[in-house]
K.L.:
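Encoded as structure tokens, here's the structure I'll be asking about.
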2 protein chains.
Amino acid sequence: MSSKAYHHGELRQALLEHAMRLLDTEGETALGVRRLARELGVAHSAPANHFPRKSDLLTAVAVRCFEDLEKSFESGSGKSGQQRLRKIADGLYGYAFRFPQRYRFMFRPEGLRNPDPLLRGIMERLYAELGAALSMSLKGRQPDPERTFAVDSYAISLWSMLHGYILMRLDGNFEAGRDELAGLDREQAILELWLTTCD
Amino acid sequence: MSSKAYHHGELRQALLEHAMRLLDTEGETALGVRRLARELGVAHSAPANHFPRKSDLLTAVAVRCFEDLEKSFESGSGKSGQQRLRKIADGLYGYAFRFPQRYRFMFRPEGLRNPDPLLRGIMERLYAELGAALSMSLKGRQPDPERTFAVDSYAISLWSMLHGYILMRLDGNFEAGRDELAGLDREQAILELWLTTCD
DNA sequence: AGCTAATATGGACACTGTCCATATTGGGTG
DNA sequence: CACCCAATATGGACAGTGTCCATATTAGCT
């Protein structure tokens, strides 16, 4: 506590907050232990107390990102299956295009603590949410024996398409555009096109 | 020329080849200018003659990767639209799972020379190939005015799904699996599921 | 043969992450 | 209250990195 913040105090918090700031403004390459310390006015070795290795810091940042992302999905309950799916997709699109650097960072476990239980937990919760909306949407349609797929395949297909499109956009391989035939932005168009498989 | 290879000679080639080797075996993080030089037995500063900045080296490696990838698509001409699409998907799947490190590297222009014309050219050729197979596959089906999308949306949707699925697999977010209902590996299942939108 | 331009060398600088011994401090116990 | 211990912060060290520089070597062309 006391006036002068982190000569002693909440350095861990300060590190994470400033890391998020840097991630958003300059991207992952700006996340250096020494730089963080320098810009917070502490010794270059101070962060090591809270995060022994750089990967620990990065993992903690990624966890924060995922927690933030999860809030974008606030309970689409009550709606129809397709409405919930649209809400999930919009949540993902919105987050990715508002915080591009975060999105690129959090899904790329390069320098992250390998299979972090926290991260896997959040991923599985997101996946479960998607699966719930999907099976609601698939329920009660006429079965076509030649084209029957497990719900998991639907979920993975949709998840993959959204993720792939976002990354291609963020990496500059696709450009923003419209589907004039459907009268929709491209990201909405490919979602509606995909929803076609559900009925 | 002469016996002792690259004291003078084809250093550029040697750099690229060894970089590819390292990329495949240890991943992108192993691609360091000094390390390359050291393991080729030249001075740490020798590569700078051929690649002034590290990004130039990385870009050249990425170009090689894309050229290799393009060979996987050897002319699926003559087949039907869907057959060509399956061939393209299999080519991408095969390359990605045979050379995971390459795939992750080449599509992530982090330290690459930003909008490299060579890379963009190859990307556009791949995209054109996909578009050709797709419009062949879409031609002559009954039009449904409520569900009409531009060919570009189809192409981007498929491209995105394949790319997204591959990355999720490579990053450990998805695991390999089967769709027991369809009796297919997951990557084949989501492809067949997607092809559903074409008819 | 000689010269120029291409290429290789080794030193320097400013970074980085990680380890270490040392100092300071705060909170709980006697 | 005094004390001690564990948590935390410090600064130095080491090996590694990319980039720039002045210097040396060499290859190919006139």
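Quick caveat: nothing in here was measured; it's all calculated off a predicted structure. Convention: sequence-line order gives letters A, B, ...; per-chain numbering from 1.
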K.L.:
Taking NZ, NE, NH1 and NH2 as the nitrogens, is one of them in A:D90 or A:K87 under 4.0 Å from a carboxylate oxygen of the other?
P.N.:
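No, A:D90 and A:K87 are not salt-bridged.
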K.L.:
We want to know whether A:Y127 and A:D152 form a side-chain donor-acceptor pair, criterion being a heavy-atom distance below 3.5 angstrom.
P.N.:
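The answer is yes; a qualifying pair exists.
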K.L.:
Can you check the A:L40 CG to D:dT10 P distance for me, whole Å?
P.N.:
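Roughly 11 Å, once rounded to whole Å.
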K.L.:
Is there side-chain contact between B:F107 and A:L167, with heavy atoms separated by less than 4.5 Å?
P.N.:
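Sidechains of A:L167 and B:F107: no contact.
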K.L.:
Looking only at the side chains, is there a donor atom on one of B:Y95 and B:R102 sitting less than 3.5 Å from an acceptor on the other?
P.N.:
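The answer is yes; a qualifying pair exists.
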K.L.:
With nearest nucleotides of DNA chain C determined for A:F51 and B:A46 from heavy-atom distances, which residue corresponds to the more 5′ nucleotide?
P.N.:
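Looking at the nearest nucleotide for each, B:A46 comes out on the 5' side.
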K.L.:
May I have the distance from B:L36 (atom CG) to C:dA8 (atom C1'), rounded to whole angstrom?
P.N.:
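Roughly 16 Å, once rounded to whole Å.
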K.L.:
Any heavy-atom pair between the side chains of A:F174 and B:S160 that's under 4.5 Å?
P.N.:
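In contact.
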K.L.:
Testing A:R98, A:R108, A:H163 one by one against A:Y103 for a side chain to side chain donor-acceptor pair (under 3.5 Å), which residue passes?
P.N.:
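When side chain to side chain donor-acceptor pair (under 3.5 Å) is applied between A:Y103 and each of A:R98, A:R108, A:H163, only A:H163 qualifies.
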K.L.:
Are A:R186 and A:E175 close enough for a salt bridge, meaning some N to O gap below 4.0 Å?
P.N.:
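Salt bridge between A:R186 and A:E175, a charged N being under 4.0 Å from a carboxylate O: no.
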K.L.:
Which residues within residues 15-24 of chain B lie with some heavy atom under 4.0 Å of an atom in DNA chain C?
P.N.:
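When residues 15-24 of chain B is checked for heavy atoms under 4.0 Å from DNA chain C, there are no hits whatsoever.
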K.L.:
Is there a donor N/O on one and an acceptor N/O on the other, under 3.5 Å, for the side chain of A:N49 and the base of D:dA7?
P.N.:
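For A:N49, whose side chain was compared with the base of D:dA7, there is no donor-acceptor pair (under 3.5 Å).
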K.L.:
Check whether any side-chain N or O of B:R53 sits under 4.0 Å from OP1 or OP2 of D:dG18, and answer yes or no.
P.N.:
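No, outside the criterion.
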K.L.:
Grab the CG-P distance between B:L57 and D:dG18 for me, whole Å please.
P.N.:
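Rounded to whole Å, this separation is 9 Å.
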K.L.:
Examine D:dA9: is either OP1 or OP2 under 4.0 Å from a nitrogen or oxygen in the side chain of A:H50? Give yes or no.
P.N.:
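For D:dA9, OP1 or OP2 has a side-chain N or O of A:H50 closer than 4.0 Å.
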K.L.:
For nucleotides 11-16 of chain C, just jot down a letter per nucleotide in 5' to 3' order: B, S or -, based on protein non-hydrogen atoms under 4.0 Å.
P.N.:
BB---B
K.L.:
Can B:W194 and B:S157 be counted as having a side-chain donor-acceptor contact under 3.5 angstrom?
P.N.:
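There is such a pair between these side chains.
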